[in-house]
Amino acid sequence: MSDEEREHWDHRYTTEGVRSTEPATFLVEVADRFPPAAKILDVGGGSGRNAIWLARNGHRVTIVDISPEGLNLAVTAANEAGVHVATMLRDLDSAPLPGGPWDVIVDFHFMKRHLFAHFMEVLRPGGLLVFCRATVKNLERNERPPRPYLLEQGEGWDLLSGFELLIAREGWSVEERHEFEALARRPG
Ligand SMILES: C[S@@+](CC[C@H](N)C(=O)[O-])C[C@H]1O[C@@H](n2cnc3c(N)ncnc32)[C@H](O)[C@@H]1O
């Protein structure tokens, strides 16, 4: 699966370039709860729209992603924005999460179910996880992402068991996507 994923994403980044430069709306909503100059890991951060916005706001951000093409785009965009974003090429299906401890982990539109137990291990006690993923209901209005990449009904809450939930909700976004969004804290 991972080789296919790398090829798929490399191809998309090579042919389409940076997909968006706008940070995710939910990230902007919750970022004022992050500590100043937070050490942040952006998992599956791709071409860096969220990481660059966070770096512009004074945070120390590392993107981990399987796609060298996505990471190259992120570095170029960060340089153009005059900020530093660290990158780490890693297949999170087979390699562990980069060791922290991280103050914040950001996970947008990238879902690897097995990672949720490990998020807890690399977050510092009291650290925050920001997560956003489309749910199966999204198929009522959008063909993509396909079902294996969508949260089942209520699954978001299950994945975050053990976390303290500061925000956890599902609904249609202004972009007409049905998404689960959560801000969760590692207890301690
Ligand atoms: C839908 S994009 C989301 C990009 C970014 N989080 C955003 O919201 O704009 C999914 C990202 O996950 C990365 N990815 C897919 N499989 C991966 C894996 N096994 N390990 C690490 N990254 C992976 C892809 O390269 C891609 O950049």
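Read the numbers this way: they start at 1 and go in the same order the structure lists the ligands and their atoms.
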Scan for ring-ring contact (aromatic ring centres under 6.0 Å, His included) pairs involving residues 38-89, sequence neighbours excluded, and state none if there are none.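 Pairs touching residues 38-89 that pass the test: F34-H59.
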
Check whether the side chains of E121 and H118 place a donor and an acceptor atom closer than 3.5 Å, and report yes or no.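 The answer is yes; a qualifying pair exists.
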
Can you pull the side-chain hydrogen bond (donor to acceptor under 3.5 Å, both in side chains) pairs that have at least one residue in residues 62-74, sequence neighbours excluded?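 As it turns out, the side-chain hydrogen bond (donor to acceptor under 3.5 Å, both in side chains) pairs with a partner in residues 62-74, which skip direct neighbours, are D10-S67.
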
Just say parallel, tilted or perpendicular for the rings of F26 and F108, cut-offs at 30° and 60°. tilted

Using a strict threshold of under 4.0 Å (side-chain N to carboxylate O), is an ion pair present between R141 and E175?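 Looking at E175 and R141, the cut-off is not met.
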
Sort and list the pairs that fulfil salt bridge (Lys or Arg N to Asp or Glu O under 4.0 Å) and have at least one residue in residues 37-50, not counting sequence neighbours. none

Just list the N/O pairs, ligand 1 to protein, that are under 3.5 Å apart, with the distance for each.
unit_1	atom_1	unit_2	atom_2	d
ligand 1	6 (N)	G44	O	2.8
ligand 1	6 (N)	F108	O	2.8
ligand 1	8 (O)	R49	NE	3.4
ligand 1	8 (O)	R49	NH2	2.8
ligand 1	8 (O)	F108	O	3.4
ligand 1	9 (O)	R49	NE	2.7
ligand 1	16 (N)	E5	OE1	3.3
ligand 1	19 (N)	E5	OE1	3.4
ligand 1	19 (N)	D91	OD1	3.0
ligand 1	20 (N)	L92	N	2.9
ligand 1	22 (N)	I66	N	3.1
ligand 1	25 (O)	D65	OD1	2.6
ligand 1	27 (O)	Y13	OH	2.7
ligand 1	27 (O)	D65	OD1	3.4
ligand 1	27 (O)	D65	OD2	2.7

